[in-house]
**Student:** 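Quick one: structure below, then a few questions.
It should be emphasised that the depicted structure is a prediction, and the values quoted were computed from it without experimental measurement. Numbers restart at 1 for each chain; the letters A, B, ... are given by sequence-line order, proteins then strands.
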There are 2 protein chains.
Amino acid sequence: MANIKDIAKKAGVSVTTVSRVLNNHPYVSEDKREAVLRVMEEFNYQRNINAVHLSKGETLLIGVVVPFTNHPYFGLLVEGIANEAMKNNYKLVLFQTNYQEDREIEALKMLQHKQIDSLIICSRICEWDVINQFTEYGSIVLCEDARNRNVSSTFIDHYMSFSNALEYLHNKGHQKIGYCIGRKTGANSRQRGKAYADFLKRIDEPYKEEYIFYECLHFEHGEEVVRRLASLDNPPSALLVTSDFAAAGIVTSCREKGIHIPDDLAIMGFDNQPIAKIMHITTLEIPLVQMGRQLLLQAIDGKKHTHEEISVKLIERQTV
Amino acid sequence: MANIKDIAKKAGVSVTTVSRVLNNHPYVSEDKREAVLRVMEEFNYQRNINAVHLSKGETLLIGVVVPFTNHPYFGLLVEGIANEAMKNNYKLVLFQTNYQEDREIEALKMLQHKQIDSLIICSRICEWDVINQFTEYGSIVLCEDARNRNVSSTFIDHYMSFSNALEYLHNKGHQKIGYCIGRKTGANSRQRGKAYADFLKRIDEPYKEEYIFYECLHFEHGEEVVRRLASLDNPPSALLVTSDFAAAGIVTSCREKGIHIPDDLAIMGFDNQPIAKIMHITTLEIPLVQMGRQLLLQAIDGKKHTHEEISVKLIERQTV
DNA sequence: TTAAATTATGAAACGCATTTCAGAGCAAGA
DNA sequence: TCTTGCTCTGAAATGCGTTTCATAATTTAA
């Protein structure tokens, strides 16, 4: 395959001039420019991108870390990131970690090795001290409140929004409220957990372990929740479900079992995915696509660390 | 940042020796190896991957083209690809095309520019003559029957499986059968369309345009299908729905409207996603994760073109 | 008309690791 | 003792485009 040298020789110019043509620099006379273009055409010249990367020290590649690609929350987030990446001529390198730390570290190492220009971590398992070791190598963007950290972040105030959601249910007359969440740990989960504990204290209700359901990510997990709910002597009258799909699964399972919603059980979803609209699920809208967009912009603009709080909106429908 | 030369100098060896240490070549004496490792440690040496890429002419990056990341079909497929990529030390570059041809071409161009070693196209919009222009630059793997083409492929026989599904419904007493599908064009859609047309001929039923529903991808699209169904004078008694999520949406919408399944309307899904199990939807199992795995292996093994047919399995549940 | 500013062009350095080739040293086999 | 055949090492070539710097040729401004 022809390289820049071959083109230069054939066109009777220097490689510098060819490079100028390639990069649309001014200061190339019209006739030489044309000569170069003609030869490039003739040789079907393909610029070796790796040489460009080596030379420029950048790759126009941005890493995206997600625990699962196959989850509507991350699906929408990645969609937002992908769309904005396209606009800015960046490509994405996808890291599916399944929440395995070594896989997350692999992504960080790619940043370190300059194989990607920056890294967006949509959900993290690593501790901060691990991440801190890599911040010098490129911009890292988190999807959680990281205002006091050495990275950029786009986040929603999960403490506040969870508190508000609980308050909303409480105002609707619910006292016994439980919640379903994806995982126990993780910054966002902890914020929500704290909001929950504080809320219980505020309304003077005891903390009941059996009111909390973990690993609640997908539609199909709703069934298990309803089954466990049925086994409780004193079940909650309302459930905050941090995924609309899981909420939809719960609603579906309840219908099957004759549990009436919202009278027997009130359900409040999160995200405002399309399924929530169809199934008339009251939910807290989280603008995931917009967040993805913002994450990418922060990743590109690696110079300074910025922090964007995104606000959520309660969408009232028929499950509360 | 230190480079291989600095390390060599400091360790008192040649760059060749450092390179040997880096690549675990034999023929390096123990003392020199240790000296090199010590200096690398001291300098916190990071190998410049782009230089490696340039030198080796490969990137260990594989492109994955999907129309949408946020769709359970592609979600599972990508999950399979991602898992296998991990095992083989490859990383993925994600291209979300939204079925825009220029975006697909961008991916092909990255192959051409050797920025990725090979390309997996999970669903294509480009014509063959476009793809053919790029086959020389690296291995291209398709997720459709491409046995007579210059690429590798992993596919299921959509004609056969669609025919069998239709036959199954027919045997259950259905004569008026319609189907829902993601898009009109595309190799797989055409195969299914042909199977449908042939089936109608076989059972001597007229082809009714209004029995076919396009753009049926997500749960929420089920509602629209049911609405349109209700407006038909002579609605089908059974529906083949090429996505379990859409099928689930239809089932849900029918329940709301009091349409009884399977008596008033039989539904058969595709993929056997978890949601199908929970909602007791009869479906055709497509082993997407396994397919993803296979696609990646073919992408890596770029030497020869192979073609793998994956078989499907009917899962009988309660919607037919 | 002269000084200053533009435009145009190329040689060479730079980014960095891999790989080929040549050669030295040493041990095993004939 | 001589020949093979390993083991070990490094110089130099290779992959390829970008960028800096120096210089020449024109224009424009003064």
**Student:** Are B:Thr16 and B:Ser19 linked by a side-chain donor-acceptor pair shorter than 3.5 Å?
**Tutor:**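 Note: B:Thr16 and B:Ser19 side chains miss the donor-acceptor criterion.
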**Student:** So which one's nearest nucleotide on DNA chain D is more toward 5', B:Leu54 or B:Val13?
**Tutor:**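 Its nearest nucleotide lies further toward 5', so the answer is B:Val13.
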**Student:** So what does A:Val18 touch, heavy atoms closer than 4.0 Å: a base, only the sugar-phosphate, or nothing?
**Tutor:**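 Contact class for A:Val18: none.
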**Student:** Do the rings of A:Phe68 and A:His71 sit parallel, tilted or perpendicular, given the 30° and 60° boundaries?
**Tutor:**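 Ring orientation of A:Phe68 relative to A:His71: tilted.
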**Student:** Using whole Å, what does the distance between atom P of nucleotide D:dC16 and atom CG of A:Asp6 come to?
**Tutor:**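 The answer, rounded to whole Å, is 8 Å.
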**Student:** Distance alone, cut at 3.5 Å: any donor-acceptor contact between the side chains of A:Ser153 and A:Glu144?
**Tutor:**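 The answer is no; no qualifying pair exists.
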**Student:** When we call it a touch if two heavy atoms are under 4.0 Å apart, what does B:Arg47 touch: a base, just sugar-phosphate, or nothing?
**Tutor:**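 Sugar-phosphate only.
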**Student:** Provide, to the nearest angstrom, the distance between the NZ atom belonging to A:Lys5 and the C1' atom belonging to D:dT18.
**Tutor:**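 So the two atoms are 14 Å apart, to the nearest Å.
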**Student:** For A:Arg20 and D:dT18, give me the distance from atom CZ to atom C1', rounded to whole Å.
**Tutor:**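 Rounded to the whole Å, the gap is 10 Å.
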**Student:** What integer distance in Å separates A:Lys56:NZ from D:dC16:P?
**Tutor:**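 Those two atoms, NZ and P, are 18 Å apart.
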**Student:** Return the value, rounded to whole Å, for the distance between atom NE2 of B:His53 and atom C1' of D:dT14.
**Tutor:**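 Nearest whole value for this atom pair: 18 Å.
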**Student:** Whole Å only: how far is the CD1 atom of A:Ile4 from the P atom of D:dT19?
**Tutor:**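 In whole Å, D:dT19 P and A:Ile4 CD1 are 11 Å from each other.
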**Student:** Are side-chain heavy atoms of A:Lys114 and A:Thr59 found at a separation under 4.5 Å?
**Tutor:**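 Not in contact.
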**Student:** Cation-pi check for A:Tyr99 against A:Arg183: NZ or CZ below 6.0 Å from the six-membered ring centre and within 45 degrees of the axis, yes or no?
**Tutor:**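 Judged by the rule, A:Arg183 and A:Tyr99 form a cation-pi pair.
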**Student:** Inspect the surroundings of CD in B:Glu136 and state if more than 12 heavy atoms from other residues, nucleotides or ligands are less than 6.0 Å away.
**Tutor:**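 Enclosed: over 12 neighbouring heavy atoms sit under 6.0 Å from CD of B:Glu136.
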**Student:** Looking at A:Ser19, I'd like to know whether one of its side-chain N or O atoms comes within less than 4.0 Å of OP1 or OP2 on D:dG17.
**Tutor:**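 False: A:Ser19 side-chain N/O out of range (4.0 Å or more) of D:dG17 OP1/OP2.
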**Student:** Which residue, A:Val15 or B:Val52, contacts DNA chain D at a nucleotide closer to its 5' end, judged by nearest heavy atom?
**Tutor:**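 The residue whose closest nucleotide sits nearer the 5' end is B:Val52.
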**Student:** Among D:dT18, D:dC16, D:dC21, find the nucleotide with the atom closest to the side chain of A:Tyr45.
**Tutor:**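 Of all the options, the side chain of A:Tyr45 is nearest to D:dC16.
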**Student:** When you look at B:Leu296 and B:Ile300, which way does the side-chain contact (heavy atoms from CB on, under 4.5 Å) test go after all the steps?
**Tutor:** CA-CA 6 Å; B:Leu296 189 111; B:Ile300 293 176; 3.4 Å; yes
**Student:** In whole angstrom, give the distance that lies between atom CD of A:Glu58 and atom C1' of D:dG17.
**Tutor:**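 Going from A:Glu58 (CD) to D:dG17 (C1'), I get 13 Å.
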**Student:** Give B:Asn23 one of three labels, base, sugar-phosphate or nothing, depending on what nucleic acid heavy atoms sit under 4.0 Å from its own.
**Tutor:**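 Sugar-phosphate, backbone atoms only, no base.
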**Student:** Students should find this one: the first and last nucleotides of DNA chain C, 5' to 3', lying under 4.0 Å from a heavy atom of chain B. What are they?
**Tutor:**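 With heavy atoms of chain B under 4.0 Å away, the range is C:dC16 to C:dT20.
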**Student:** Using whole Å, report how far CG of A:Asn48 lies from P of D:dT18.
**Tutor:**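 Distance check: A:Asn48 CG to D:dT18 P gives 10 Å.
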**Student:** Below the 4.0 Å mark, does D:dT18 have OP1 or OP2 next to a side-chain nitrogen or oxygen of A:Ser55?
**Tutor:**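 For D:dT18, neither OP1 nor OP2 has a side-chain N or O of A:Ser55 closer than 4.0 Å.
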**Student:** Is it true that A:Glu215 and A:Lys184 make a salt bridge, defined as a side-chain N closer than 4.0 Å to a carboxylate O?
**Tutor:**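 Salt bridge: no.
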**Student:** I'd like to know if A:Glu41 pairs up with A:Arg38 as an ion pair, taking the criterion as any Lys NZ or Arg NE/NH1/NH2 lying under 4.0 Å from an Asp or Glu carboxylate oxygen.
**Tutor:**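 Result for this pair is no, no salt bridge flagged.
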**Student:** Other residues, nucleotides and ligands only: do more than 12 of their heavy atoms fall within 6.0 Å of CG on A:Asp31?
**Tutor:**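 Atom CG in A:Asp31 is crowded, with more than 12 foreign heavy atoms closer than 6.0 Å.
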**Student:** Report which part of the nucleic acid A:Thr16 touches: base, sugar-phosphate, or nothing (heavy-atom distance under 4.0 Å, all strands).
**Tutor:**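 Base contact.
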**Student:** Counting only side-chain nitrogens and oxygens, does B:Tyr27 get under 4.0 Å of the OP1 or OP2 atom of D:dT7?
**Tutor:**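 Indeed, a polar side-chain atom of B:Tyr27 lies that close.
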**Student:** If the helix axis at each end comes from five base pairs, how far does the helix from C:dT1-D:dA30 to C:dA30-D:dT1 deviate from straight, to 10°?
**Tutor:**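 Here the helix ends are tilted 30° relative to one another.
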**Student:** Is the distance from OP1 or OP2 of D:dT9 to the nearest side-chain N or O of B:Ser29 less than 4.0 Å?
**Tutor:**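 Yes, because at least one side-chain N or O of B:Ser29 sits under 4.0 Å from OP1 or OP2 of D:dT9.
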